[in-house]
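Side-chain atoms are counted along with the backbone in the values below, which use heavy atoms only and exclude waters and symmetry mates.
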Amino acid sequence: MHSYFERCCIPPPLSCNIHSDFVLLPSNNLGDLLIHNSGLAWLDSLLNFLNHLLFLHQDPAYYVLKEDDSPCIFGPIEKQRWSYACAKQLIERLIYAEGAENGLQFTIVRPFNWIGPRMDFIPGIDGPSEGVPRVLACFSNNLLRREPLKLVDGGESQRTFIYIKDAIEVVLLMIENPARANCQIFNVGNPNNEVTVRQLAEMMTEVYTKVSGEPALETPTIDISSKEFYGEGYDDSDKRIPDMTIINKQLGWNPKTSLWDLLESTLTYQHRTYAEAVKKATSRPVAS
């Protein structure tokens, strides 16, 4: 059985430019609609379509991503980070096509933010100083160095998080039950652990204060723009939630660990493993 690991990405519908022979709709700006040639004949249909997208965008169910149903929507070409999502979708389609045409036995796993001890690296300690790890390690690094946690674009994006032990448990179920897992696509996440990135930062600050015994900073978070933090070409979806219907039906599995419990376990490990190393690194004199 082959396992391919893929993370789903879906932005809000109006983050994407819509191009055709008739219209150009710049991102997030209905007022800038440009119509040329005989495009007036299409205006009513287009606006009805856009109103439908706006309605979907307001519907919480729109963000629940189903393996066999949810649309694949990407951001504009100039936002180069979407090439990451395009590449993952392409390899997933290739694997599925090999299964359909040539009988390849496969299982595609779509991880939704698997987190836990030993995830990623702490910059300057066991990874490059200039590196940017994922959000859990970024916030852990800030907490260890007693720096404010940086909230990209205000930390308003919403995500779900699943404990690595829960994720490994279900991957083992797939391996042990090939008849139920072969030629399936599975979301692996925990929709019950949904928070904004700002809420995640606040929770991590509270948990780290508990496990380290250190008081929280007077200003625990600061806002930073995505351009300043990531550079040009960054874009991402504002919310995504895994639908768990298929994995529950095929394997009878649901995640167990709450966000508080997984953060307590993870940050206890981070503090015990890295606190002294970070303290030594930050106390070294800076070379002139």
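Taking the side chain as every heavy atom from C-beta outward, Met203 and Leu263 approach each other to under 4.5 Å. At least one side-chain heavy atom of Pro117 sits less than 4.5 Å from a side-chain heavy atom of Ser265. Met174 is listed as a side-chain neighbour of Phe186, based on a closest heavy-atom distance under 4.5 Å. The shortest distance between side-chain heavy atoms of Glu98 and Phe106 does not fall below 4.5 Å. Here the side chains of Arg146 and Pro215 are in contact, with some heavy-atom distance below 4.5 Å. With a 4.5 Å cut-off on side-chain heavy atoms, Ile108 and Ile95 count as touching. Between Tyr163 and Thr266, the closest side-chain pair of non-hydrogen atoms falls below 4.5 Å. Taking 4.5 Å as the limit, some side-chain heavy atom of Thr205 sits within range of a side-chain heavy atom of Leu149.
Residues Thr257 and Asp166 bring a donor and an acceptor atom of their side chains to less than 3.5 Å of each other. For the residue pair Ser140 and Gln270, a side-chain donor N or O sits within less than 3.5 Å of a side-chain acceptor on the partner.
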side-chain contact (heavy atoms from CB on, under 4.5 Å) between Val197 and Glu156, intermediate numbers included: CA-CA 6 Å; Val197 174; Glu156 297 306 313; over 6 Å; no

Worked verdict on Val171 versus Trp114 for side-chain contact (heavy atoms from CB on, under 4.5 Å): CA-CA 12 Å; Val171 170; Trp114 297 9; 3.9 Å; yes

Derivation and outcome, side-chain contact (heavy atoms from CB on, under 4.5 Å), residues Gln250 and Gln184: CA-CA 9 Å; Gln250 292 296 116; Gln184 294 288 337; 3.7 Å; yes

Intermediate values then yes/no, side-chain contact (heavy atoms from CB on, under 4.5 Å), Thr160 and Val195: CA-CA 6 Å; Thr160 64; Val195 287; over 6 Å; no

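Shown here is Lys256, whose NZ atom has more than 12 heavy atoms of other residues, nucleotides or ligands within 6.0 Å. For Arg145, the CZ atom counts as densely surrounded, since its 6.0 Å shell holds more than 12 non-hydrogen atoms of other residues, nucleotides or ligands. Around CZ of Arg93, the count of heavy atoms belonging to other residues, nucleotides or ligands within 6.0 Å does not exceed 12. Atom OH of Tyr269 is surrounded by more than 12 heavy atoms from other residues, nucleotides or ligands within 6.0 Å.
Atom CG of residue Asn142 and atom CG of residue Leu151 lie 9.5 Å apart, to the nearest 0.5 angstrom. Considering CD of Glu214 and CG of Leu144, their distance stands at 8.5 Å, rounded to 0.5 Å. Between atom CG of residue Leu267 and atom CD of residue Glu206 there is a gap of 11.5 Å, rounded to the nearest 0.5 Å. With values rounded to the nearest 0.5 angstrom, Thr282 atom OG1 is found 9.0 Å from Glu147 atom CD. Note: His271 NE2 to Thr273 OG1 = 10.0 Å, rounded to the nearest 0.5 Å. Separation of atoms CG (Asn190) and CZ (Phe161) is listed at 11.0 Å; rounding is to 0.5 Å.
Salt bridge annotation for Asp153-Arg198: absent, with no cationic side-chain nitrogen under 4.0 angstrom from a carboxylate oxygen.
For Thr221 against Ala201, the heavy-atom pair with the smallest separation is CG2-CB, 4.1 Å. Across Asn141 and Pro123, no two heavy atoms sit closer than the pair CG-CD, 3.7 Å. Annotation for Leu143 and Met204: closest pair CD1-O, 3.8 Å, computed over non-hydrogen atoms. Of all non-hydrogen atoms in Leu104 and Cys183, the two that sit nearest each other are O-SG, 4.1 Å. Taking all atoms of both residues into account, the shortest heavy-atom contact from Gly189 to Pro255 is O-CG, 3.4 Å.
Tracing side-chain contacts under 4.5 Å through hydrophobic residues (I, L, V, M, F, W, Y), one never reaches Leu200 starting from Ile222; they form parts of separate clusters. Under a hydrophobic-cluster definition in which Ile, Leu, Val, Met, Phe, Trp and Tyr are linked whenever side-chain heavy atoms come within less than 4.5 Å, directly or via other members, Leu217 and Val211 are assigned to different clusters. Hydrophobic cluster membership is shared by Val188 and Ile175, with clusters built from Ile, Leu, Val, Met, Phe, Trp and Tyr side chains linked at under 4.5 angstrom. There is a path of hydrophobic side-chain contacts, each under 4.5 Å, that joins Ile246 to Leu172. In the hydrophobic cluster analysis, where Ile, Leu, Val, Met, Phe, Trp and Tyr join through side-chain heavy atoms closer than 4.5 angstrom, Trp260 is grouped together with Leu136.
In terms of modelled atom types and a separation under 3.5 Å, the side chain of Glu194 and the main chain of Pro191 share no donor-acceptor contact. Panel note: side chain Glu67, backbone Asn187; a donor-acceptor pair is recorded below 3.5 Å. A donor-acceptor pair under 3.5 Å is formed between the side chain of Asn177 and the backbone N or O of Leu173.
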